[in-house]
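Written out below as structure tokens is the structure these notes cover.
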Amino acid sequence: MKKAFILLFSVFALQQAVAQIYTYPSLGKQFSTSYSTGTARMQALGGASSALGADLSALTGNPAGLGFYTRSEVNMSLAYTGIQTKSSYLATADEASESQIQMPTLGMVISSNNLGGGEWHGSFGFGYSRQAIFIQPIQISGTNNRSSLLDNFIEKANDKGATGATLDDEYDSYSGTASSAEALAYQTYLINPNSVTGGTPFERFQPLLPTNQYGTASNSGALTSWDFAYGATYRDQLYLGAALHFSKISSSSSTTWEDEFVGAKNVAGFQYAETLLTNGSGIALSLGGIYKLNPSLRLSLAFRSPTYYDQMNETYDARLFPNVIGIPAIGSTGNPITITKVNPMRLTTNEFTYQFLSPMKVSGGFALFFSKKGFLTADLEYVGYGGMKVYSAELGGGANQAFQTKYNGQIARNFEGALNIKVGSEIRISPSLSVRGGAALFGGGYAASYDTIDRNALQFSGGIGYRKSNFYLDLTAIQRTQKDAYTPYTLKNAADFSSATLDITTTQFMLGGGIYF
């Protein structure tokens with residue numbers, strides 16, 4: 001039977017010193033968090049684009065901006081993104097880094113100077129956009145004198161009242177796989193039932209030994225979208241627009257955790273590796289408006305509905321690699337033997353499908369123009385993370401209701417609405433050349449009761465633009481910093497496990513250009 005797994009590793013720092021287990025609420029937050037998006041020009045402005053218009057960013061932001069187009073355009077951009085994560089775990093510092101080249105935007109706007117022969121005219125646009133990338137490298141290490149990941153497996157076995165016999169029942173000798181992590185640990189001799197009860201409380205060899213721990217986590221994939229929008233203007237003063245967004249999530253997450261028991265006589269240690277693949281498609285609607293109070297001042301308002309993902313398909317795998325020195329056992333003849341080799345074993349592959357509703361977004365902004373010398377613009381955006389929902393039609397009936405009650409309850413407790421503040425300015429230093437700068441503060445979205453970490457992300461950006469009558473080129477640099485935490489496993493006693501603190505720096509260089517026709 002397919003079932004929803006509660007995975008054992010933490011979310012990859014898009015989103016903890018209280019442990020955040022990698023469950024459906026944390027996945028939802030990861031899949032819903034995006035920063036400044038759009039063309040190179042708008043990203044140089046901190047992403048403050050809702051009141052400007054005449055830019056391909058209107059496809060994913062405020063579709064009313066398409067009404068400013070008076071001629072058609074094709075746009076494309078390329079970006080290099082590098083992420084560095086500095087971690088501190090059990091007083092040990094580590095670093096991990098990763099980079100990627102991607103295509104943030106590709107699209108076309110077809111402009112009509114007159115709609116129906118009246119005072120309206122508008123433009124239709126369509127394109128591809130990359131709303132978020134999921135790369136997040138983590139590396140941690142340290143010496144733990146209080147616990148091991150095996151203690152997490154032991155607690156799971158104890159909580160369900162397992163015995164050696166019931167954990168044997170969770171092992172399929174034909175496929176050589178186990179259906180739970182605790183059964184996996186039991187089959188590889190890493191945890192044992194109590195010698196008196198034959199069940200709880202489970203034990204492990206030499207539990208008080210210092211444990212050298214090493215962990216890595218990596219994530220790849222992206223949230224992408226195909227966007228179709230129309231924006232129109234009435235007398236070049238009131239601008240209205242609507243857009244449909246067909247989103248796709250493609251994510252691959254993996255962790256490797258290794259415990260090495262110092263001075264061990266029976267088990268030297270083990271390595272536990274997990275992989276989660278997630279793919280899903282969704283649809284959303286956005287509406288927007290821009291109003292020119294006068295030739296120098298524009299005001300904007302935009303709404304984006306929650307994205308409904310009808311099928312989030314996930315595949316979860318895990319493997320356990322024991323490192324055995326010598327385990328006392330009884331052979332088939334009844335004589336004592338010592339086991340010196342235990343083969344790796346894997347968890348039964350789990351496939352599961354669920355539905356996901358991402359948070360809605362509401363934004364408003366202004367743009368103040370200084371004749372033809374430049375402008376100042378700002379956006380305020382609200383993202384309702386607390387309104388995310390997950391459910392699973394696959395489970396059906398009471399199981400689906402229990403699934404919703406558990407995880408949507410966690411969402412309501414752990415997440416809340418967040419404000420994103422974006423400010424940018426462009427100065428024209430010649431008829432063809434402009435310089436830009438911007439700053440943005442992205443709210444973390446976690447409830448104040450969750451923990452004490454400030455997960456707000458601070459971003460600075462800048463760039464230059466070169467424009468002629470029939471083409472343009474834009475170059476942008478962005479740097480974003482934020483804090484987070486990574487918890488490899490949890491235990492009932494919070495004093496027995498530790499979290500790594502993370503300092504994350506994202507640097508991006510973006511080159512974009514377009515042709516007017």
Side-chain angles (χ1 to χ4, degrees), residues 34-63 65-66 68-82 99-111 123 125-133 135 222-229 231 243 245 367 374-375 377 379 422-440 459-480 506-517:
S34 62
Y35 300 101
S36 59
T37 59
T39 62
R41 182 190 184 200
M42 294 307 171
Q43 293 209 40
L45 299 170
S49 62
S50 69
L52 292 175
D55 188 271
L56 198 74
S57 301
L59 292 178
T60 57
N62 186 349
L66 294 178
F68 285 87
Y69 274 95
T70 58
R71 51 182 175 166
S72 301
E73 173 191 345
V74 174
N75 171 281
M76 186 182 75
S77 62
L78 294 173
Y80 165 87
T81 302
S99 61
Q100 186 182 102
I101 295 176
Q102 68 273 161
M103 184 173 64
T105 62
L106 173 66
M108 176 183 290
V109 175
I110 301 173
S111 176
S123 301
F126 61 93
Y128 166 90
S129 62
R130 184 159 294 212
Q131 298 296 298
I133 56 175
I135 60 173
L223 166 61
T224 59
S225 181
W226 282 97
D227 311 291
F228 300 85
H245 311 282
F375 59 81
T377 184
D379 287 350
K422 311 170 188 178
V423 180
S425 180
E426 179 177 283
I427 300 173
R428 183 174 295 179
I429 59 177
S430 77
S432 300
L433 190 64
S434 299
V435 295
R436 305 165 186 134
Q459 176 178 293
F460 295 98
S461 55
I464 58 174
Y466 181 78
R467 272 170 163 67
K468 299 299 285 185
S469 61
N470 59 347
F471 77 94
Y472 63 89
L473 290 172
D474 297 308
L475 179 64
T476 293
I478 302 168
Q479 185 173 78
R480 183 171 59 253
T506 302
T507 303
Q508 186 175 74
F509 297 98
M510 189 171 176
L511 176 64
I515 299 173
Y516 298 114
F517 62 95

Quick one, Gln43 with Tyr35, criterion side-chain hydrogen bond (donor to acceptor under 3.5 Å, both in side chains). Give me CA distance, side-chain angles, the key distance, then yes/no.
CA-CA 10 Å; Gln43 293 209 40; Tyr35 300 101; over 6 Å; no

Quick one, Gln131 and His245 - any side-chain contact, counting heavy atoms below 4.5 Å?
no

Only counting residues at least two apart or in another chain, list the ones meeting ring pair (Phe, Tyr, Trp, His ring centres under 6.0 Å) with Phe471.
none

Tell me, do Leu52 and Met42 make a side-chain contact under 4.5 Å, heavy atoms counted?
yes

Only residue of Thr476, Leu475, Leu78 satisfying side-chain contact (heavy atoms from CB on, under 4.5 Å) with Met510 is Thr476

Taking side chain to side chain donor-acceptor pair (under 3.5 Å) as the definition, give me every residue that meets it alongside Thr39, ordered by chain and number, with sequence neighbours left out.
Asp55, Ser57

Could you grab the distance from atom OG of Ser434 to atom CZ of Arg41, nearest 0.5 Å is fine?
7.5 Å

I'd like to know whether Gln479 forms a side-chain contact (heavy atoms from CB on, under 4.5 Å) with Phe460, so could you lay out the CA-CA distance, the side-chain angles of the two residues, the decisive distance to 0.1 Å, and finally the verdict.
CA-CA 6 Å; Gln479 185 173 78; Phe460 295 98; 5.6 Å; no

Between Phe126 and Asp227, is any pair of side-chain heavy atoms under 4.5 Å apart?
no

Residues two or more places apart in sequence or in another chain: which of them pass side chain to side chain contact (heavy atoms under 4.5 Å, CB included) with Ser99?
Tyr80

Under 3.5 Å, side chain of Ser461 to main-chain N/O of Ala44, donor-acceptor pair present?
yes

Is a side-chain donor or acceptor of Ser111 paired with a backbone partner of Ser72 at a separation under 3.5 angstrom?
no

Side-chain donor-acceptor pairs of residues 100-109 under 3.5 Å, sequence neighbours excluded:
| from | atom 1 | to | atom 2 | distance (Å) |
| --- | --- | --- | --- | --- |
| Gln100 | OE1 | Gln102 | NE2 | 3.4 |
| Gln102 | OE1 | Thr81 | OG1 | 2.8 |
| Gln102 | OE1 | Gln508 | NE2 | 3.4 |
| Gln102 | NE2 | Gln100 | O | 3.4 |
| Thr105 | OG1 | Asn75 | OD1 | 3.0 |
| Thr105 | OG1 | Ser77 | OG | 2.6 |

Under the side chain to side chain donor-acceptor pair (under 3.5 Å) test, residues paired with Tyr466 that sit two or more places apart:
none

side-chain contact (heavy atoms from CB on, under 4.5 Å) evaluation trace for Leu473 with Ile464
CA-CA 9 Å; Leu473 290 172; Ile464 58 174; over 6 Å; no

Kindly compute the distance separating CE (Met76) from CG (Leu511), expressed to the nearest 0.5 Å.
8.5 Å

Are more than 12 heavy atoms, taken from residues, nucleotides or ligands other than Phe228, located less than 6.0 Å from that residue's CZ atom?
yes

May I have all residue pairs that pass salt bridge (Lys or Arg N to Asp or Glu O under 4.0 Å) and include part of residues 468-477, sequence neighbours excluded?
Arg436-Asp474, Arg467-Asp474

Are any side-chain N or O atoms of Ser425 and backbone N or O atoms of Phe375, one a donor and one an acceptor, separated by less than 3.5 Å?
yes

Identify the two heavy atoms, one from Tyr516 and one from Ser469, that lie closest to each other, and give their separation to 0.1 Å.
CD1-O, 3.8 Å

Contacts of Asp379 meeting side chain to side chain contact (heavy atoms under 4.5 Å, CB included) (sequence neighbours excluded), chain-then-number -> Ala48, Ser50, Lys422

Could you go through the side-chain contact (heavy atoms from CB on, under 4.5 Å) check for Leu223 and Arg130 one step at a time?
CA-CA 6 Å; Leu223 166 61; Arg130 184 159 294 212; over 6 Å; no

Quick one: list whatever passes side chain to side chain contact (heavy atoms under 4.5 Å, CB included) with Ser430, sequence neighbours left out.
Ser432, Leu433

Are the side chains of Ile429 and Val435 in contact, using a 4.5 Å heavy-atom criterion?
yes

Kindly write out the residues that satisfy side chain to side chain contact (heavy atoms under 4.5 Å, CB included) with Ala54, not counting sequence neighbours, or none if the list is empty.
Phe68

What are the two closest non-hydrogen atoms of Ala229 and Ala243, and how far apart are they?
CB-CB, 3.5 Å

